[in-house]
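Bear in mind that the values here come from a model prediction, so they are computed numbers and not experimental data.
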Amino acid sequence: MNVQSSLPRSPAALPSEEAGEKRRKVPLRNLGVGALMNIFQVTTLGQPMEVLKTHLAANRQDTLRAAVQKTWLRGGPLAFYQGLIPWAWLEASTKGAILIITSTEIEYHAKMKLGASPTVCGALGGIGGGVAQAYLTMGMTTCMKTVEVTRTKMSVNGAKVPGTFEIFFKIIREQGIRGVNKGVNAVALRQITGWSSRIGIARFAEERIRWMSGKGKEEKLGFSEKILASTIGGVLSCWNQPFEVLRVEMQSMKEEPGRAARPTMMSTLKKIIRTSGVKGLFRGVVPRIGVAGWATICMVGLGDMVKESANRY
């Protein structure tokens with residue numbers, strides 16, 4: 001008998017299949033899925049609600065009705081799509097791709113290696129996706145979208161109103177790269193808390209729907225069930241509205257006396273509470289609920305379905 005052949009080989013000497021740990025390929029098609037779904041989201045209902053939400057966060061004395069009227073006066077129906085091209089499309093294509101591929105991979109590994117529940121997997125995926133979104137792409141694009149909504153577009157003494165790229169390069173010249181990334185830490189807090197809540201709560205809602213309908217853990221939900229779970233996740237994620245108001249205030253180009261040239265999160269928080277009270281931190285929450293609900297439907301509910309179809313072949 002060959003004693004050497006009868007001894008078990010070390011896992012390092014085994015092929016990955018024999019060791020039971022076959023390496024999973026990262027589905028790069030998810031980059032395209034994320035970009036496509038986020039562009040769809042922002043071009044349909046997303047940007048009009050984003051414009052109203054930003055207006056209310058920057059002009060905290062206005063009502064929702066006043067925000068609609070003032071936005072209309074800035075250019076009719078097209079005013080509700082201020083900042084869509086190029087900034088919102090640029091942001092959507094990049095942040096959507098980053099969110100889907102990052103959150104999907106984190107959810108997968110949290111489930112397979114940690115044995116975490118769908119709710120925990122979703123929350124972890126949202127945290128990772130939110131961090132990646134904020135610091136890789138969203139600082140500049142979110143800042144420039146806010147600039148488009150809050151800057152004056154009225155001609156002064158017949159002077160030409162500067163275009164969006166003129167404003168962009170002026171900020172770069174005067175303030176450097178930090179100028180167009182102003183408020184990026186507030187963006188990060190919003191994205192981390194927002195997407196961890198959206199995906200985590202949506203996954204929790206999916207579990208409850210499965211339980212109530214008598215479906216197994218691995219059994220697929222129907223279209224309407226996925227949409228319902230995503231809507232719940234999106235709506236309940238809006239508890240973090242104060243981070244959004246902080247972000248808008250820091251990036252706003254609204255002209256007002258005593259405005260700090262380089263505001264910090266703490267100085268901005270104190271200013272909002274001093275001028276608008278604690279309730280000022282929740283201005284714009286109604287259109288934000290619409291934005292968050294629609295974004296979660298597109299990126300989680302519909303996103304899951306599109307990912308499955310795209311990676312089937």
Side-chain angles (χ1 to χ4, degrees), residues 34 36-60 62-72 74-85 87-89 91-92 95-96 99 126 129-130 133 138 141-142 145-146 148-150 186-187 189-191 193-202 205 223-249 251-252 279-304:
L36 177 67
M37 293 307 299
N38 218 176
I39 289 173
F40 169 76
Q41 178 259 324
V42 76
T43 307
T44 50
L45 301 177
Q47 191 63 10
M49 291 186 285
E50 180 78 22
V51 167
L52 290 175
K53 175 199 72 175
T54 302
H55 177 98
L56 286 168
N59 303 275
R60 291 179 294 280
D62 284 356
T63 63
L64 180 57
R65 182 177 179 180
V68 172
Q69 292 173 336
K70 289 182 179 181
T71 301
W72 182 272
R74 286 168 70 94
L78 291 179
F80 291 91
Y81 287 89
Q82 296 171 96
L84 178 66
I85 302 172
W87 305 115
W89 275 4
E91 178 182 277
K95 80 172 184 178
L99 174 70
Q133 280 184 323
M138 287 187 67
T141 52
T142 302
K145 281 198 311 177
T146 305
E148 279 299 292
V149 175
T150 58
V187 172
L189 284 173
R190 184 196 71 175
Q191 294 306 108
T193 55
W195 280 112
S196 62
S197 299
R198 291 173 189 177
I199 303 177
I201 295 171
F223 178 83
S224 59
E225 292 171 325
K226 291 286 287 185
I227 300 304
L228 175 61
S230 296
T231 303
I232 293 170
V235 170
L236 294 182
S237 72
C238 292
W239 64 268
N240 70 345
Q241 178 65 8
F243 294 131
E244 173 65 358
V245 175
L246 279 173
R247 190 272 305 172
V248 171
E249 183 66 27
Q251 295 176 341
S252 173
K279 68 179 182 179
L281 293 169
F282 291 89
R283 294 297 295 159
V285 73
V286 174
R288 174 92 192 287
I289 287 172
V291 172
W294 183 233
T296 312
I297 287 171
C298 290
M299 302 305 291
V300 181
L302 296 178
D304 286 348

Measure the [atom1]-[atom2] distance between [X] and [Y] for me, rounded to the nearest 0.5 Å.
X      : Y      : atom1 : atom2 : answer
Leu64  : Gln69  : CG    : CD    : 10.0 Å
Phe282 : Gln241 : CZ    : CD    : 8.0 Å
Gln41  : Leu302 : CD    : CG    : 11.0 Å
Arg288 : Leu56  : CZ    : CG    : 13.0 Å
Trp87  : Gln82  : CH2   : CD    : 15.0 Å
Arg198 : Ile232 : CZ    : CD1   : 15.0 Å

Got a sec, which residues hit side chain to side chain contact (heavy atoms under 4.5 Å, CB included) with Val235, two or more places apart in sequence or on another chain?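 For Val235, the residues satisfying side chain to side chain contact (heavy atoms under 4.5 Å, CB included) (neighbours in sequence not counted) are Thr231, Ile289.
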Side chains of [X] and [Y], heavy atoms from C-beta outward: is any pair under 4.5 Å?
X     : Y      : result
Phe40 : Leu36  : no
Lys53 : Val248 : no
Val51 : Tyr81  : no
Val42 : Trp294 : no

Side chain of Asn38, backbone of Gly34: donor and acceptor closer than 3.5 Å?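 No; judged by distance alone, with no hydrogens or angles, the pair does not exist.
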So, for [X] and [Y], which heavy atoms are closest and what is the spacing to 0.1 Å?
X      : Y      : value
Ala202 : Val300 : CB-CG1, 4.2 Å
Pro287 : Met49  : CB-O, 3.7 Å
Ser237 : Gly194 : CB-O, 3.8 Å
Gly301 : Ser230 : N-OG, 3.0 Å

Who passes side-chain hydrogen bond (donor to acceptor under 3.5 Å, both in side chains) against Thr193, sequence neighbours left out?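 For Thr193 the side-chain hydrogen bond (donor to acceptor under 3.5 Å, both in side chains) partners, ignoring immediate neighbours, are Asn240.
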Partner set under salt bridge (charged side-chain N to carboxylate O under 4.0 Å, His left out) for Arg247, not counting sequence neighbours: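 Once residues adjacent in sequence are excluded, the partners of Arg247 under the salt bridge (charged side-chain N to carboxylate O under 4.0 Å, His left out) criterion are Glu50, Glu244.
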